[in-house]
Amino acid sequence: MENLFRLVDHEDFFSRRCIWVNGPVIVGAGPSGLATAACLRDEGVPFVVLERADCIASLWQRRTYDRLKLHLPKQFCQLPKLPFPEDFPEYPSKKQFIDYLESYAMKFEINPQFNECVQSARYDETSGLWRVKTVSSTSRNEVEYICRWLVVATGENAECVMPDIEGLSEFKGDVVHACDYKSGESFKGKKVLVVGCGNSGMELSLDLCNHHASPSMVVRSSVHVLPREIFGLSTFELAVLMLKWLPLWLVDKLLLIFTWFILGNIEKYGIKRPSKGPLELKNTMGKTPVLDIGTLEKIRSGYINVVPGIKCFNNRDVELVNGEKLDIDAVVLATGYRSNVPSWLQEGEFFSKNGYPKMPFPHGWKGNTGLYAVGFTKRGLSGASSDAVQIAQDIGKVWKHETKQKKQRTTACHRRCISQF
């Protein structure tokens, strides 16, 4: 590769390859990593992308269900410098989004180092460089990448969250996390408990219902459920438009009034709304409102049963906090994902213990000593794109300045040499 120079010292000759990266190392080849790489390419900055899987966007390709579509219109989900194809629908499917990412990587000549699992990354104060150690998942070979800049692009959904519920390990039925769920077809005729009522929990319950299963959805806490569209506009687009002219609290109030007219009173079905408005809750807690795509109608019709929190599991049933017992055949855990940054990044100033930058949006993209974060804004693909642009511009300024200085020194050296003859 044009931007790699191998450095081998005596200690590492037999144990580990050391590779100098003439530019930043980007950890993660999902949408966040690809967006950053494309912006760096546009700035003329070389880079290396490390990816633990054998493909780009492994979360989308390997850990999402078949019926998944983008929750927001495509114009709010496109990555920098390349819009979606015009013939794509307003809400692209999983396959269409993956095709878009593949073409994105090809257009900007992004060729990640696949099957490279980062074991640790630390800043070496003596040299002023980052040392990123990886292990190949195929050959088990170890490599240490040395670079000036480190971009963390592993995202908010690197690892699935497995809840600790009493008796779950003893339950005799099938238990799957949403990351392993593909379709409700294999659950046909079964009584399925869906744990979680976010966008995934709602959609999986609908998918199970459409495949003639009998889902019960656990709604343990309050949640905002909004229609996907209001007055022919996407709810997100409408909110963005209103925020240009109105304060957030008023936009929240209007959204809830519109929602009540469209969806009615959902509390009578066991779904309570939080005291904070949907946008305020998103900004302060990072909790995304659910956009309804038909689940509420199935709840009203009785095809999806809403139940309260779980007390414990038994061999073939589950006991709820209200004392009710349900006979179930399977459990789907729509319990979300989390960052895995603390497991490999040896740094405590920029990132907190939960794997997110300590500084709130919009200041959480840049740390000290050449450390950057992309895709941790809890603002989806648009937030990741914004981070990517800023990171590339920040590194690009330094890169162009130093490149210009090198050219000036080289030119001056040539002139001195010529003057001596």
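Computation of the quantities below employed the complete heavy-atom set of this structure, encompassing side-chain atoms and omitting hydrogens, waters and symmetry-equivalent molecules.
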- Message: Please report the interatomic distance CG(L150) to OG1(T369), rounded to the nearest 0.5 Å.
- Response: 9.0 Å
- Query: If you round to the nearest 0.5 Å, how far is CD of E159 from CG of L59?
  - Reply: 11.0 Å
- Under a 4.5 Å cut-off applied to non-hydrogen side-chain atoms, are Y269 and L296 in contact? no
- Query: For K311, does the NZ atom sit with more than 12 other heavy atoms under 6.0 Å from it, leaving out its own atoms?
  - Reply: no
- Query: Hey, does L333 have a side-chain heavy atom less than 4.5 Å from the side chain of M162?
  - Reply: yes
- Message: side-chain contact (heavy atoms from CB on, under 4.5 Å), that's the test. Do F47 and N22 meet it? Break it down for me.
- Response: CA-CA 7 Å; F47 55 85; N22 193 24; over 6 Å; no
- Is the count of non-hydrogen atoms from other residues, nucleotides or ligands lying under 6.0 Å from R62 atom CZ greater than 12? yes
- Task: Applying ring-ring contact (aromatic ring centres under 6.0 Å, His included), run through F231 and F261 and close with a yes or a no.
- Result: CA-CA 11 Å; F231 305 137; F261 277 111; 9.3 Å; no
- Query: Roughly how far, to the nearest 0.5 Å, is the CD atom of E116 from the CD atom of E51?
  - Reply: 10.5 Å
- Message: Measuring only between side-chain heavy atoms, which start at C-beta, is S222 closer than 4.5 Å to R273?
- Response: no
- Task: Would you please test L40 and I26 for side-chain contact (heavy atoms from CB on, under 4.5 Å) and show each step?
- Result: CA-CA 11 Å; L40 287 168; I26 302 170; 3.8 Å; yes
- Message: Whether R52 engages the ring of F114 as a cation-pi pair (distance to the six-membered ring centre under 6.0 angstrom, angle to the ring normal within 45°) should be assessed.
- Response: no
- Side chains of R379 and N283, donor plus acceptor under 3.5 Å: yes
- Looking only at side chains, do Y123 and N368 share a donor and an acceptor under 3.5 Å apart? no
- Item | Spacing of K282 atom NZ and T288 atom OG1 [to the nearest 0.5 Å] | 2.5 Å
- Task: Could you walk me through whether S120 and K133 pass the side-chain hydrogen bond (donor to acceptor under 3.5 Å, both in side chains) test, one step at a time?
- Result: CA-CA 5 Å; S120 67; K133 297 180 181 179; 5.1 Å; no
- Closest non-hydrogen atoms of A384 and S32, given as atom of the first, atom of the second and distance, are CB-OG, 3.4 Å
- Are more than 12 heavy atoms from other residues, nucleotides or ligands located less than 6.0 Å from atom CD of E125? no
- Taking the side chain as C-beta and beyond, is there a heavy-atom pair between L381 and L72 under 4.5 Å? no
- Query: Do the side chains of E203 and Y65 get nearer than 4.5 Å, heavy atoms only?
  - Reply: yes
- Message: Between V175 and L168, is the side-chain contact (heavy atoms from CB on, under 4.5 Å) condition met? List the steps.
- Response: CA-CA 9 Å; V175 179; L168 180 59; 4.2 Å; yes
- Query: What is the distance from atom CG of D164 to atom OG of S169, rounded to the nearest 0.5 Å?
  - Reply: 9.0 Å
Indicate every side-chain donor-acceptor pair of residues 73-85 with a distance under 3.5 Å to a residue at least two apart or in another chain.
from	atom 1	to	atom 2	distance (Å)
K74	NZ	P85	O	3.4
K74	NZ	E86	O	3.4
K74	NZ	F88	O	2.7
K81	NZ	D42	OD2	3.2

- Query: Say you draw a straight line from SG of C160 to NE2 of H177; how long is it, rounded to the nearest 0.5 Å?
  - Reply: 4.5 Å
- Message: Among K69, M202, R67, which residue satisfies the side-chain contact (heavy atoms from CB on, under 4.5 Å) criterion with I293?
- Response: R67
- Task: Look at atom CD of Q119 and say whether more than 12 heavy atoms of other residues, nucleotides or ligands are closer to it than 6.0 Å.
- Result: yes
- Could you tell me which non-hydrogen atom of G28 sits nearest to which non-hydrogen atom of V49, and how far apart they are? O-CG1, 3.7 Å
- Query: Are V307 and V219 close enough, and set up right, to give a side-chain contact (heavy atoms from CB on, under 4.5 Å), and what steps lead you there?
  - Reply: CA-CA 6 Å; V307 299; V219 181; over 6 Å; no
- Query: With no hydrogens and no angle check, do the side chains of S352 and K358 hold a donor and an acceptor under 3.5 Å apart?
  - Reply: no
- Task: Please tell me if the side chains of N199 and H71 come closer than 4.5 Å, counting only heavy atoms from C-beta onward.
- Result: yes
- Message: Given Y372, which partner from the list T36, D394, D387 fulfils the side-chain hydrogen bond (donor to acceptor under 3.5 Å, both in side chains) test?
- Response: D394
- Query: Under 6.0 Å between ring centres, would you say that holds for F97 and W60?
  - Reply: yes
- Message: Around atom CD of E349, are there more than 12 heavy atoms from other residues, nucleotides or ligands closer than 6.0 Å?
- Response: no
- Message: So for atom CG, which belongs to D87, do other residues, nucleotides or ligands contribute more than 12 heavy atoms lying within a distance under 6.0 Å?
- Response: yes
- Query: Do you know which two heavy atoms are closest between K287 and S221, and how far apart they sit?
  - Reply: NZ-OG, 3.8 Å
- Task: Could you tell me whether the side chain of F258 reaches within less than 4.5 Å of the side chain of L226, counting heavy atoms only?
- Result: no
- Message: Contact between W365 and I391 at the side-chain level, heavy atoms closer than 4.5 Å - yes or no?
- Response: yes
- Query: Between W399 and P46, which heavy-atom pair has the shortest distance, and what is it?
  - Reply: CZ2-CD, 3.2 Å
- Message: Tell me whether the NZ or CZ atom of K95 lies within the 45° cone about the ring axis of Y100 and under 6.0 Å from its centre.
- Response: no
- Message: Show the nearest heavy-atom pair for residues Y145 and V21, with the distance to one decimal.
- Response: CD2-CG2, 3.8 Å
- Around N354, counting heavy atoms of other residues, nucleotides and ligands shown, do more than 12 lie under 6.0 Å from its CG? yes
- Check the pair K276, D252 against salt bridge (Lys or Arg N to Asp or Glu O under 4.0 Å), reporting the backbone distance first and the verdict last. CA-CA 9 Å; K276 291 183 178 180; D252 265 343; over 6 Å; no
- Query: What salt bridge (charged side-chain N to carboxylate O under 4.0 Å, His left out) pairs are there with at least one residue in residues 100-113, not counting sequence neighbours?
  - Reply: none
- Go through E43 and K400 one step at a time and tell me if the salt bridge (Lys or Arg N to Asp or Glu O under 4.0 Å) criterion holds. CA-CA 9 Å; E43 293 283 339; K400 291 173 183 176; 2.8 Å; yes
- Message: Taking D124 first and then R131, would you say they form a salt bridge - that is, a charged N and a carboxylate O separated by under 4.0 Å?
- Response: yes
- Task: Taking all non-hydrogen atoms of both residues into account, name the closest pair between G184 and D207 and its distance.
- Result: N-OD2, 2.9 Å
